[in-house]
Amino acid sequence: MADSYIQKLFSERIGGSRFGKDTKIYKFEKIKRAKREALAANPGAEIIDLGVGEPDEMAFPGVVKRLSHEAAKPENRGYADNGIQQYKDAAAAYLKKVYGVKNLDPQTEVLHSIGSKPALAMLPYAFINPGDIALVTVPGYPILATHTKYAGGESYHLPLDETNGFLPRLDKVPAPIRKRAKLLYINYPNNPTGAVATKEFFAEVVEFARKNKVVVVQDAAYAALTYKGRPVSFLSTPGAKDVGLEIHSMSKAFNMTGWRLAFVAGNERVVSAFGHIKDNYDSGQFKAIQQAGCYALEHPEITEEITEKYRRRLTALVKTLKAAGFDAKMPGGSFYLYVKAPRGVKGGRSFNTAEDFSGYLIREKLISTVPWDDAGAYIRLSATFEAKNKKDEERVLGELKRRLTGMELIF
Ligand SMILES: Cc1ncc(COP(=O)(O)O)c(C=O)c1O
């Protein structure tokens with residue numbers, strides 16, 4: 001069938017007249033297809049899904065109850081625009097209580113967002129002109145880089161290397177790149193590596209930003225999920241508020257992925273510009289959801305309970321992976337394990353990439369993982385696998401162990 005005229009109208013940012021005709025299959029689509037094929041080849045078998053990046057449990061009952069209560073109130077029915085003050089107050093109080101962040105003005109330095117993904121998508125429009133650069137860590141969550149491109153800018157990759165604790169080497173950014181850079185995107189605890197930032201690294205980031213006049217966007221989607229010591233906020237670094245902001249999400253810390261609620265906090269000028277862009281995109285999250293978010297933020301013990309569950313699961317995963325030959329270590333934060341992919345199986349297949357190995361795991365062992373080949377070949381395994389209760393969790397982990405043992409992996 002001939003293309004309709006519409007095909008010629010697509011913008012260059014989404015591929016122009018080639019939009020939708022690209023035959024390249026993207027990683028997450030490949031994973032989905034491989035899962036479907038593995039199930040078709042093994043009817044009735046169970047896939048152990050360690051690929052998902054979201055909690056397997058509901059939001060806690062107190063949060064759900066508050067939503068139901070607030071949803072019935074007429075005053076919550078309308079547009080929320082740039083948010084209700086109670087949520088901003090609760091966010092500032094939460095940052096103070098959990099992270100020790102002082103001196104945040106909840107009127108001007110905090111703003112809600114319909115999840116952190118839209119915040120990452122909108123921030124480039126406040127800063128990036130054609131030709132400007134965003135410095136972004138790789139592997140990583142790509143949204144800020146994608147929208148930097150949409151805005152006519154470019155992204156410059158900062159590889160996360162195991163030898164540097166998966167922290168970017170800011171001193172390696174060439175001078176001409178620094179000159180054109182306007183944004184620096186970092187994400188700690190990090191997806192996918194599970195690394196946490198040190199206080200020294202955050203101090204280096206502030207110094208780098210000040211010296212090179214860039215705005216820091218610290219994506220704290222996993223901030224509260226840490227396993228070694230208290231969670232750290234970029235905003236508790238001296239000078240952080242002068243150079244950027246941090247984005248906190250309700251998604252992972254409170255099992256609220258589908259609720260779509262997050263907040264940005266930090267520099268007043270950056271928050272204000274974000275609010276300006278946001279006001280031109282959406283009309284705010286449902287006020288009842290923001291009220292339920294207040295309940296969650298007032299109950300950080302919810303996150304502590306969630307963290308303990310992931311600690312238990314990650315500890316068991318590390319043990320199982322080590323027994324299978326992987327160099328697995330407990331991550332500092334997040335719910336991910338990031339391990340080097342093997343080069344092959346003794347007397348059998350060899351793998352050129354992590355994607356090859358991940359494909360083998362799903363086809364041969366019905367284990368779903370996410371491969372990363374951006375800075376070395378690694379696979380990511382998530383502790384959010386589906387399990388109905390603790391007993392079921394033990395069953396899944398036992399099954400994983402059974403499937404992984406006996407494979408002689410070569411690294
Ligand atoms: C690093 C990172 N940032 C942001 C997000 C998006 O979170 P939200 O649900 O708040 O949009 C994710 C989701 O997986 C993520 O991994």
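Throughout, residue positions are numbered sequentially from 1 according to the sequence presented. Every number for a ligand or one of its atoms is a count from 1 in the order of the listing.
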Ignoring hydrogens and angles, write down the donor-acceptor pairs under 3.5 Å from the side chains of residues 322-332, residues two or more places apart or on other chains.
none

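With Y336 as the aromatic partner, R380 meets the cation-pi criteria of under 6.0 angstrom to the ring centre and within 45 degrees of the ring axis.
Close contacts of ligand 1 with R260, meaning ligand atoms under 4.0 Å from a residue heavy atom, involve 8 (P), 9 (O), 11 (O). The A221 neighbourhood of ligand 1 comprises atoms 2 (C), 3 (N), 4 (C), with distances under 4.0 Å to a heavy atom of that residue. Remark: ligand 1 atoms within the under-4.0 Å shell around heavy atoms of G115 are 10 (O), 11 (O). If you number the atoms of ligand 1 from 1 as listed, the ones under 4.0 Å from a heavy atom of S249 come out as 8 (P), 10 (O).
Ionic pairing of K390 and E393 is not present here: no N-O contact between side-chain nitrogen and carboxylate oxygen is shorter than 4.0 angstrom.
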Show your working on side chain to side chain contact (heavy atoms under 4.5 Å, CB included) between I48 and L366 and close with a plain yes or no.
CA-CA 6 Å; I48 300 183; L366 301 179; over 6 Å; no
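The nearest heavy-atom contact from the protein to atom 6 (C) of ligand 1 is Y141 OH, 3.3 Å. In this structure, the protein non-hydrogen atom closest to atom 2 (C) of ligand 1 is D219 OD2, 3.4 Å. Closest to atom 9 (O) of ligand 1 among all protein heavy atoms lies S251 OG, 2.6 Å.
With sequence neighbours excluded, the residues that form a side-chain contact (heavy atoms from CB on, under 4.5 Å) with P176 are P174.
For S116, heavy-atom contacts with ligand 1 shorter than 4.0 Å involve the backbone as well as the side chain. Under 4.0 angstrom from ligand 1, the non-hydrogen atoms of K252 all belong to its side chain.
Residue-ligand proximity: N187 is placed with a non-hydrogen atom under 4.0 Å from ligand 1.
Side-chain N/O atoms of Q285 and Y87 include no donor and acceptor closer than 3.5 Å.
Distance OG/S116 to CZ/R260: 7.0 Å, rounded to 0.5 Å.
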